[in-house]
Number of protein chains: 2
Amino acid sequence: MKTKQVLLGHGSGGELSHDLIKNLFVKYFDNPILRKQTDSALLELKAENLAYTTDSYVVDPIFFPGGNIGKIAIAGTVNDLAVSGAKPLYLSVGFIIEEGMLISELEEIVKTMAEEANKAGVMIVTGDTKVVNRGKADKVFINTSGIGVLEKDQIDISTGENVKVGDKIIVNGSIADHGVTIISERNELNLRADVKSDCACLNHLIQKVKDSGSQIKFMRDATRGGLATVLTELVDEREYGLEIDELNLVVNENVRGMCELLGFDPLYVANEGKVLMVVAAEDADKVLEIMHADELGEKAAIIGEIVDEHHGKGWVTTQIGGKRIIDMLAGEQLPRIC
Amino acid sequence: MKTKQVLLGHGSGGELSHDLIKNLFVKYFDNPILRKQTDSALLELKAENLAYTTDSYVVDPIFFPGGNIGKIAIAGTVNDLAVSGAKPLYLSVGFIIEEGMLISELEEIVKTMAEEANKAGVMIVTGDTKVVNRGKADKVFINTSGIGVLEKDQIDISTGENVKVGDKIIVNGSIADHGVTIISERNELNLRADVKSDCACLNHLIQKVKDSGSQIKFMRDATRGGLATVLTELVDEREYGLEIDELNLVVNENVRGMCELLGFDPLYVANEGKVLMVVAAEDADKVLEIMHADELGEKAAIIGEIVDEHHGKGWVTTQIGGKRIIDMLAGEQLPRIC
């Protein structure tokens, strides 16, 4: 790279842009499709059913224990595809960079993205870079979109359509790690707990469950709005309710401490590596076993079940034995969490 | 909408987010796929060859004569797909909004996007919204990605691979309108020329040329970096050169005046509705005729041709009869032009 900082010219489409593309993006993301550097990537695909998703990432700070904005940008979009039942294949990446950002920081982010895409088995095939004047963005924002392929016989698992009373609700581990890590890293707080984001690509873990023959009836990753948001979406306008037990939720000790200190309910705090699955009761133990054998599911647990009561509502049994309704998050809890 | 301004909570994934999605995005972008509001859109596609692209839009100001950031966000991505030879079908949209943006402004942008997508015949099938604190972004940034389908026998028209000596270079009208409009709108300049962005979706115009049986050998839209950038990319590392004549370039009078005043070369100024096509000499008149019959190609012209001289380089004959080489844009000319 010819400079140490990102300049406005890096977004102009001219020589500096070409330098950035060649010496950073193509260098790390390299694959035969991207290498052509055409405006549109040309993909050969045999599938008839595709999943397609997009997310922008604006997390602050951009580096944090357990990851950085680049890791989230890959994992978040890979996970959105995987929870729809698709095999993630191709990603696009759009950078909006604030003038003056250190090239070394950008390079670290790009390197992480390449590693994460590689681990997940997806290719970054097309991209774009814009640079805005100092003070008009905050270091870097990243958009990723993604394409995955679906099996022809894939049932709808994005809504609660195929869920039945008696089905079990499983989560692959501890909750609230990501949100608590971000808030603990923010400079305005002088609290630094020993916590780490759970940010990870879940597609291989999900594939293992699918390969076992267990039918997943509903699946969603619990990000912004936390597990509570997924639980309310699962029952919304359905002819069933759900019940979970707080005692079954895994919350790491330091995360629980921070939540108590800050007045957050872990159920509402963002995750970046947690999936909620609904499976038939007879499949639940097998799914747990598969998850426990994977490093991303070691602490997987059945947190509750689908019930034929309070249709359209989720209830949680609290640690002290009381019961309360699970509402959707109102207003902002933690802005710029992802 | 429950508020007049965008709040941080609109990006939290909770109740306010749902309000924004339902009463703005789904309201205007409505289609059967988006309506499901699942994390990934599920697409049924019979094609085996897809084109896939992404672009982020950060244009400043967000409203300008001839369009707004939303119109560019649709047209830019539709055009990237169309110039690769694909029929654009599906778009994703990611908004990054600065806290405090007026909902009325956002609504106007969303409405324009819906109209433009409708005109182009594409569906917005998946989206995402993030809100960042005041002063951490500039009103709104929009990312769109897009998927198009390619005919099986589509030749490579994204590179100069199929271009031959003697082929003609055609542009569908006046150049530099978009860039000059943006610079003229910026508040720091007290110049306001009567100019208008050329921002438009070119997919239908391109389809007409394809339907006529004329073989397009190379095609690219001339955006950031202007026509000059496309011309240098067309010849780069090729066994041919190109020559264009400045007298054949269409530049609107007010645009030319502004360029002279500001010291810009129109060849390097951004367009948002201009495509450069290379076609065989025997097809050139037919292509021109088709373009002239379309409102987006009324001023189409043959600007030059592919030559067996100065391989890898483009030359322009200037209005006073001199010749100069066409270089790639170095550094920034107009930041945040799209």
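All heavy atoms count here, side chains included; hydrogens, waters and symmetry mates do not. Per chain, numbering begins at 1; letters A, B, ... match sequence-line order.
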Contact origin within [X] toward chain A - heavy atom pairs under 4.5 Å:
| X | answer |
| --- | --- |
| B:Val125 | side chain |
| B:Ala47 | backbone |
| B:Leu45 | both |
| B:Glu98 | neither |

If we define contacts as heavy-atom pairs under 4.5 Å, which of [options] has the most with chain B?
| options | value |
| --- | --- |
| A:Ala41, A:Gly11, A:Ala51 | A:Ala41 |
| A:Val83, A:Val131, A:Ile147 | A:Ile147 |
| A:Gly85, A:Ala228, A:Gly127 | A:Gly127 |
| A:Ala86, A:Ser84, A:Ala137 | A:Ala137 |
| A:Asp128, A:Val132, A:Ile96 | A:Asp128 |
| A:Asp138, A:Leu43, A:Ile337 | A:Leu43 |

Against B:Asp39, only a single residue in A:Leu81, A:Asp221, A:Thr54, A:Thr77 fulfils side chain to side chain contact (heavy atoms under 4.5 Å, CB included); can you say which?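 It is A:Asp221, the one option of A:Leu81, A:Asp221, A:Thr54, A:Thr77 that forms the side chain to side chain contact (heavy atoms under 4.5 Å, CB included) with B:Asp39.
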Would A:Lys46 and B:Glu48 count as a side-chain contact (heavy atoms from CB on, under 4.5 Å) here? Give the steps. CA-CA 5 Å; A:Lys46 287 273 150 64; B:Glu48 290 186 11; 3.3 Å; yes
Using non-hydrogen atoms and a 4.5 Å limit, figure out which bit of [X] sits close to chain B: side chain, backbone, both or neither.
| X | answer |
| --- | --- |
| A:Ser56 | both |
| A:Leu91 | backbone |
| A:Ile33 | neither |

Do B:Thr126 and A:Asp80 have side chains that approach each other closer than 4.5 Å (heavy atoms only, starting at C-beta)?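 They are not in side-chain contact.
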Would you indicate whether B:Lys136, at its atom NZ, is surrounded by more than 12 heavy atoms from other residues, nucleotides or ligands within a distance under 6.0 Å?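 12 or below, so no.
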Just wondering, are more than 12 heavy atoms of other shown residues or ligands nearer than 6.0 Å to NZ in A:Lys139?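 Open.
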Walk me through whether B:Thr38 and A:Thr159 qualify under side-chain contact (heavy atoms from CB on, under 4.5 Å). CA-CA 7 Å; B:Thr38 46; A:Thr159 70; 4.1 Å; yes
Could you check whether the rings of B:Tyr52 and A:Tyr52 sit parallel, tilted or perpendicular, using 30° and 60° as the cut-offs?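 Geometry flag for A:Tyr52 against B:Tyr52: perpendicular rings.
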Sub-3.5 Å donor-acceptor pair from the side chain of A:Ser145 to the main-chain atoms of B:Ser145, do we have one?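 A pair under 3.5 Å: no.
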Among B:Ser92, B:Gly146, B:Gly135, single out the residue with the greatest number of heavy-atom pairs under 4.5 Å to chain A.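 Most heavy-atom pairs within the cutoff with chain A belong to B:Ser92.
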If I take atom CE from residue B:Met328 and atom OG from residue A:Ser17, how far apart are they, to the nearest 0.5 angstrom?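 Spacing of CE (B:Met328) from OG (A:Ser17) equals 9.5 Å.
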Nearest 0.5 Å please: distance from the CG atom of B:Leu50 over to the OG atom of A:Ser40.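 Rounded to the nearest 0.5 Å, the CG-OG separation comes out at 11.0 Å.
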So which residues of residues 150-157 of chain B are in contact with chain A at a heavy-atom cut-off of under 4.5 Å?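 Answer by number: B:Leu150, B:Asp156.
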Looking at B:Arg336 and A:Asn133, what are the two nearest heavy atoms and their distance?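 Closest approach of B:Arg336 to A:Asn133: CD-OD1, 3.3 Å.
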Over all heavy atoms of both residues, which pair between A:Thr129 and B:Arg224 is shortest? Give the atoms and the distance, please.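 Between these two residues, the closest heavy atoms are O-NH1, 2.7 Å.
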Does B:Asp55 pair with A:Lys130 as a salt bridge, N-O distance under 4.0 Å?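 Counted as a salt bridge, because a side-chain N and a carboxylate O are separated by less than 4.0 Å.
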Run the side-chain contact (heavy atoms from CB on, under 4.5 Å) test on A:Glu233 and B:Gln37 for me, step by step, so that the C-alpha distance in whole Å, both residues' side-chain angles and the decisive distance to 0.1 Å come before the verdict. CA-CA 11 Å; A:Glu233 287 169 348; B:Gln37 291 186 51; over 6 Å; no
